[in-house]
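Worksheet for the structure shown next.
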Amino acid sequence: MTIDQFNFAGKKAFVRVDFNVPLDENFNITDDTRMRAALPTLKKILADGGSVIIGSHLGRPKGVTEKYSLKHILKHLNELLGIEVQFANDCMGEEAAAKAAALQPGEALLLENLRFYAEEEGKPRGLADDATDEEKAAAKKAVKESQKEFTKKLASYADCYVNDAFGTAHRAHASTALIAQYFDKDHKMFGYLMEKEVKAVDKVLNDIHRPFTAIMGGSKVSSKIEIIENLLNKVDNLIITGGMTYTFTKAQGGKIGLSICEDDKLDLALELMQKAKEKGVNLVLATDAKIADSFSNDANTKFCKVNEIPDGWEGLDIGPESEKAFAEVIKGSKTILWNGPTGVFEFENFTHGSRAVGEAIVEATKNGAFSLVGGGDSVACVNKFGLASGVSYVSTGGGALLEAIEGKVLPGIAAINE
Ligand code: AMP
């Protein structure tokens, strides 16, 4: 079932959203992107004459925690939806059930943070540090048991289930995946945001227009191994950049000074290079670097060859020669995936490479390429440089997007498709 096919008139929808927004110390929302992202789905259901029961998590509470109460976001939700949303102080219990039952067409109910209950994640809480393996196993079994009741209860509030929380799609939690089993195929669906995310991932992994270029940046090879390995089966060009550069450079005998490096991953770097060769993938690494004499925005800087970094200096961004080489590859591409900056973009003086990559992607997109940017810091980059509107799609999912690119089946997606 798709959200556009379903007629919500007179129906109650349980909508799992990702309202896990950042709050300041006075509980003001500092970035409401995630809330805005769910609006099309919520508005569509309400406009159809349906009612919505909104479920979300906020933060990582280990029980009921005032700081993580979703009541802090209620006022802003009212403003965004243009209606008075009701609130249930507890996502379980009489009040939530009664309020859900009494919802009229066009009305909305926000449930308190689902993660106030350990059953949402299905992980035991409050175990003593010295708990034995048996105790741990028993606690796990107990929470899995009570998770069934919890999930069933959430499902009982509604006639249909809509998952619009891509940010948690890689988690098999009660409200993100398990709940789907209580609805048949005709009564469960993705929300608009999920639909867009799923489509974007599908375009880069399965519906590839070539050449396909992936730009993987960031700090550590170890955190990107699975992604790189999966991408080696898909891409024509793989640009590996950011802090990972120096592990590859050192592995080839280069001098990297104080640059970030994983010494236990040198063999892996060589293996990945060999694999790329075998698979006919053009692996592109930086040839020059912008180096600094300390890890700071105010450090002295100069450019040098990536494998000739003097002692006491470290590479904090790519140099102009690499920028040019990367941009050329990117501009010749028809499918582009970008994850991770080329340097320490948090420091203004080391943003140039990431900006150049972003601008090349925008140009390629103008020329008809499909570009997907996602997985944390590259999203921060395109926003910082004002380039978000020039790429095809900016993913809202950090870990979820990365797991999808690793080729994993996301439980939140599988639960709807089953
Ligand atoms: P990740 O979370 O793995 O995507 O890495 C993102 C982080 O990598 C950012 O915080 C960057 O500052 C950092 N990073 C990128 N290039 C470098 C570099 N050359 N040296 C140190 N850190 C880097």
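Nothing here was measured: the structure is a model prediction, and the numbers come from that model. In each ligand, atom 1 is the first atom listed, and ligand 1 is the first ligand listed.
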Query raised in the report: Side chain, backbone, both or neither: which part of Ile260 has a heavy atom under 4.0 Å from ligand 1?
Result: side chain
Report task. Could you tell me whether Arg16 and Glu120 have a side-chain N and a carboxylate O separated by less than 4.0 Å? Result -> yes
Report task. Please lay out, stage by stage, how Phe347 and Phe295 fare under the test ring pair (Phe, Tyr, Trp, His ring centres under 6.0 Å). Result -> CA-CA 9 Å; Phe347 297 154; Phe295 188 80; 5.2 Å; yes
Query - Close N or O approach (Glu346, ligand 1; < 3.5 Å) - result: yes
Query - Quiz item: cation-pi between Lys196 and Tyr393, 6.0 Å / 45° - result: no
Query raised in the report: Is there side-chain contact between Thr351 and Phe385, with heavy atoms separated by less than 4.5 Å?
Result: yes
Query - Tyr246 to ligand 1, any heavy atom closer than 4.0 Å - result: yes
Query raised in the report: Got the closest protein heavy atom to atom 15 (C) of ligand 1, with its distance?
Result: Gly343 O, 3.2 Å
Query raised in the report: With a 4.0 Å cut-off, would you call Glu229 and Lys275 a salt bridge?
Result: yes
Report summary line: The atoms of ligand 1 lying under 4.0 Å from a heavy atom of Gly243, numbered in the order shown, are 15 (C), 16 (N), 17 (C), 18 (C), 19 (N)
Query raised in the report: Identify the closest protein heavy atom to atom 7 (C) of ligand 1: which residue and atom is it, and at what distance?
Result: Asp377 OD2, 3.7 Å
Query raised in the report: Counting from 1, what ligand 1 atoms have a heavy atom of Val344 closer than 4.0 Å?
Result: 12 (O), 15 (C), 16 (N), 17 (C), 18 (C), 20 (N), 21 (C), 22 (N), 23 (C)
Query raised in the report: Taking Asn163 for the side chain and Thr176 for the main chain, is one N or O donor matched with an acceptor at less than 3.5 Å?
Result: yes
Report task. Please confirm whether Ser219 comes within less than 3.5 Å of ligand 1 when only nitrogen or oxygen atoms on both sides are compared. Result -> yes
Query raised in the report: Under 3.5 Å between some N or O of ligand 1 and some N or O of Lys224?
Result: yes
Query raised in the report: Going by the order shown, which atoms of ligand 1 are within less than 4.0 Å of some heavy atom of Gly242?
Result: 16 (N)
Query - Any N or O of Gly315 closer than 3.5 Å to N or O of ligand 1 - result: yes
Query raised in the report: Taking the side chain as C-beta and beyond, is there a heavy-atom pair between Ile330 and Trp338 under 4.5 Å?
Result: no
**Report entry** Whether His187 and Phe6 hold their rings parallel, tilted or perpendicular, with breakpoints at 30° and 60°
**Finding:** perpendicular
